[in-house]
Amino acid sequence: MNIGYEFDFCGARLTALGSGALWWADHGLLCVSDLHLGKAERIARRGGTALPPYETMDTLTRLAAALDRVPARVVMCLGDSFDDLHAAHALPEPARLTLARLQAGRQWLWVEGNHDPGPVELGGEHLAELVIGPLQFRHIAQAGAQAEVSGHYHPKARLRLRGRSVTRPAFLYDDRRLIMPAFGTYTGGLYSDAPVLQALMGPQACAILTGPQPTAIPMPR
């Protein structure tokens, strides 16, 4: 069954799911990045514009749907899983119960991000970064890294299609690194032609557009 866009990256056969999750079948691993759970609560707490407080449950519902598509034994959240530490502690009870159900029977890995650098007391294991097989997983890409999977930049791609502009969150990858799209509902994004992403990605980089039929194109510059 075709569940997404399959591609080879540094010796690993991976599948980019339309949801923005990454599936590594050989390790039973589903990876998502930048959930930013509790963003509406954090913005309201700091006196910002009030947003509908539904993004946490929407993100977790979409994560549950991604997990329904694959037999994941391991779930990795690749940093910025919470909008800040207070947001993690302030998760409402329905969200905590949903998260507990998703964690049940699975190894759950929280990789440290710049928004959530401290301990997470919601089950699972908290790590600064992790190596599995040939791949290195961390939140922010490092210069000179090889076989690296990261997040942080919330990449998205913009292209012209039949006379209109189409923008989608996107995976970016070349022969050295893979940058994940943000999975969270209120996360926005950085266009792939941004200088920081152009500097990180090689000239042959591809963008895999998320959506019902994930599609790879040359990374828009």
Side-chain angles (χ1 to χ4, degrees), residues 1-38 55-82 88 91 94-113 116 120-139 147-152 154-155 169-173 177-185 187 208-214 216:
M1 180 177 64
N2 183 15
I3 60 171
Y5 181 84
E6 292 189 7
F7 63 106
D8 293 310
F9 174 68
C10 297
R13 185 68 173 171
L14 306 175
T15 304
L17 305 186
S19 61
L22 183 72
W23 171 235
W24 191 3
D26 287 348
H27 288 266
L29 169 68
L30 186 82
C31 181
V32 291
S33 189
D34 294 275
L35 302 176
H36 284 273
L37 300 174
E55 102 287 346
T56 293
M57 285 305 300
D58 184 74
T59 298
L60 291 176
T61 298
R62 290 188 298 102
L63 180 53
L67 286 167
D68 283 343
R69 302 195 69 191
V70 295
R73 303 186 305 273
V74 183
V75 175
M76 180 185 298
C77 298
L78 199 57
D80 286 3
S81 300
F82 305 92
L91 279 187
R96 288 175 175 268
L97 292 174
T98 298
L99 186 56
R101 285 195 293 270
L102 297 181
Q103 291 175 329
R106 299 184 174 104
Q107 182 183 10
W108 199 277
L109 305 173
W110 303 106
V111 173
E112 178 180 298
D116 51 6
V120 176
E121 298 174 356
L122 291 166
E125 183 178 357
H126 185 265
L127 304 164
E129 54 185 52
L130 182 64
V131 174
I132 301 178
L135 304 185
Q136 303 180 63
F137 292 86
R138 60 172 59 95
H139 181 60
E148 177 190 73
V149 182
S150 65
H152 180 62
H154 306 191
F171 301 81
L172 304 180
Y173 79 99
R177 71 174 83 250
L178 164 64
I179 302 179
M180 299 271 296
F183 195 87
T185 297
T187 47
I208 304 173
L209 308 180
T210 58
Q213 294 183 316

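Note that these values count all heavy atoms, side chains included, but never hydrogens, waters or copies made by symmetry.
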What one should report as the nearest heavy-atom pair of Pro181 and Thr210 is CG-CG2, 4.2 Å
Answer whether the closest heavy-atom distance between the side chains of Ile179 and His152 falls below 4.5 Å.
no
Students often mix this up, so state it plainly: with edges at 30° and 60°, are the rings of His36 and His154 parallel, tilted or perpendicular?
perpendicular
Going by the rule salt bridge (charged side-chain N to carboxylate O under 4.0 Å, His left out), which residues pair with Glu129 if we only count those two or more places apart in sequence or in a different chain?
Arg138
Describe, in one word, how the ring planes of Tyr173 and Phe9 are oriented to each other, choosing from parallel (under 30°), tilted (30 to 60°) and perpendicular (over 60°).
perpendicular
Hey, could you give me the CG/CZ distance between Leu17 and Arg62, rounded to the nearest 0.5 Å?
12.5 Å
Compare every heavy atom of Cys77 with every heavy atom of Leu35, then report the nearest pair and how far apart it is.
CD1-SG, 4.0 Å
Interatomic distance, CZ@Phe183 vs CG@Leu37, rounded to 0.5 Å, equals 10.0 Å
Quick one: pull up SG in Cys31 and CG in Leu130 and give me the separation to the nearest 0.5 Å.
10.0 Å
Determine the minimum heavy-atom distance between Ala21 and Val32, stating which atoms define it.
CB-CG1, 3.6 Å
Heavy-atom pair with the smallest gap, counting every atom of Ala64 and Leu102
CB-CD2, 3.7 Å
Locate the shortest heavy-atom distance separating Ile132 from Trp24; write the atom from each residue and the value.
O-CH2, 3.3 Å
Side chain proximity check, Met76 to Leu29, heavy atoms < 4.5 angstrom:
yes
In Å, rounded to the nearest 0.5 Å, how long is the span from CG of Leu67 to CH2 of Trp23?
9.0 Å
So Thr98 and Leu63, do their side chains get closer than 4.5 Å, heavy atoms only?
no
Run the side-chain contact (heavy atoms from CB on, under 4.5 Å) check on Phe137 and Leu127 step by step: do they pass?
CA-CA 10 Å; Phe137 292 86; Leu127 304 164; over 6 Å; no
Among Thr56, Thr59, Thr61, which one satisfies side chain to side chain donor-acceptor pair (under 3.5 Å) with Thr185?
Thr59
Is Gln103 reaching over with its side chain to a backbone N or O of Leu122, donor-acceptor style, under 3.5 angstrom?
yes
Is there a side-chain contact between Leu178 and Leu135, using heavy atoms and a 4.5 Å cut-off?
no
Can you say whether the rings of Trp110 and Phe82 are parallel (under 30°), tilted (30 to 60°) or perpendicular (over 60°)?
tilted
Any heavy-atom pair between the side chains of His139 and Glu112 that's under 4.5 Å?
no
Can you check side-chain contact (heavy atoms from CB on, under 4.5 Å) on Phe171 and Met180, steps first, answer last?
CA-CA 5 Å; Phe171 301 81; Met180 299 271 296; 3.7 Å; yes
Can you give me the closest heavy-atom contact between Ala66 and Leu30, atom names plus distance?
CB-CD2, 4.2 Å
Are the side chain of Arg96 and the backbone of Leu91 linked by a donor-acceptor contact shorter than 3.5 Å?
yes
